[in-house]
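Worksheet: the structure to be examined is printed underneath.
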Amino acid sequence: MFCTIFGFPLGGILLAKSSKGLSFAEYVNSHDQLKKVMESFKRRDFSIEFDRKKFHLEEELFSLYFKGKREDFTSLPLDFLSGTPYQKKVWLEARKIPYGKTETYKSLACKLNHKGYRSVGQALSKNPLLIIIPCHRVLSSDGGLRGFGAGLEVKDFLLRLEKGEVSA
DNA sequence: TACATAAGAATAG
DNA sequence: CTATTCTTATGTA
């Protein structure tokens, strides 16, 4: 598995991919966090190899995205190495949310298990593919930001970016 | 309107 | 089984 770090205005994103596609895109803003993520990879028995050259496409897409382009990452091959079947369903559903649009946990839940809105949040909190799976476009039913594991600032930033209020 | 609380789905330990 | 989570609905003031 290969990985690299992509820097953006609020920190960095650790990208990791297998031979099949992108597997992780985790937010890191400190050396400590990076270390933590790497530890968890190690524990999962992944062989890590830094190789920036493997991420031409990803870097391209991310830099376009942070420039405010309507980049959906829908063409990016993904490879889910973690996650339960339910989580994958949630992630796939969240991924269908178009750029700039927002869904609510409830509406997502209705499409999946009918009333497990809380479990939707739980599943999204374990989203391994920040931005690519636009969990930041999922808001609470009154339109407000609820919690965000990777940091509310990131969620807020991403939303503002998509609304064109930020030029990165 | 604001705050406390119950309910309810799925997962990790 | 219990705790936790990117929730929602309801009751009370």
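As a basis for the values below, the full set of heavy atoms in this structure was taken, side chains included, without hydrogen atoms, waters or symmetry mates. Just so we're on the same page: letters track the sequence lines, and every chain starts at 1.
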Report the distance from atom CG of Leu108(A) to atom C1' of dA9(B), rounded to the nearest whole Å. 14 Å
What does the list of N/O pairs under 3.5 Å between the protein and nucleotides 11-13 of chain C look like, with a distance for each?
none

Shortest non-hydrogen contact from Ile97(A) to Lys101(A)? CG2-O, 3.4 Å
Under 4.0 Å between a Lys/Arg side-chain N and an Asp/Glu carboxylate O for Lys17(A) and Glu58(A)? yes
Anything under 30° is parallel, anything over 60° is perpendicular, the rest tilted; go ahead and classify Tyr99(A) against Tyr65(A). perpendicular
Angle class for the Tyr27(A)/Phe8(A) ring planes (parallel below 30°, perpendicular above 60°, tilted otherwise)? perpendicular
Over how many whole Å does the gap from Gln87(A) atom CD to dA12(B) atom C1' extend? 10 Å
In terms of side-chain geometry, is the basic nitrogen of Lys36(A) or Glu39(A) positioned less than 4.0 Å from the acidic oxygen of its partner? no
Could you run down the sub-3.5 Å N/O contacts of the protein with nucleotides 5-7 of chain C?
residue	atom	partner	partner atom	Å
dC6(C)	O4'	Gly147(A)	O	2.5
dC6(C)	N1	Gly147(A)	O	3.4
dC6(C)	O2	Tyr105(A)	OH	2.2
dT7(C)	O4	Arg118(A)	NH2	3.4

Any idea how Phe80(A) and Trp91(A) line up, ring-wise: parallel (<30°), tilted (30 to 60°), or perpendicular (>60°)? parallel
Searching all strands shown, indicate the nucleotide that pairs with dC6(C) (Watson-Crick or G-U wobble; both distances under 3.5 Å). none
Who pairs with Ser107(A) by side chain to side chain donor-acceptor pair (under 3.5 Å), at least two apart in sequence or on another chain? Glu103(A), Thr104(A)
Phe24(A) and Phe41(A): ring pair (Phe, Tyr, Trp, His ring centres under 6.0 Å), yes or no, with the steps? CA-CA 10 Å; Phe24(A) 296 99; Phe41(A) 280 161; 5.0 Å; yes
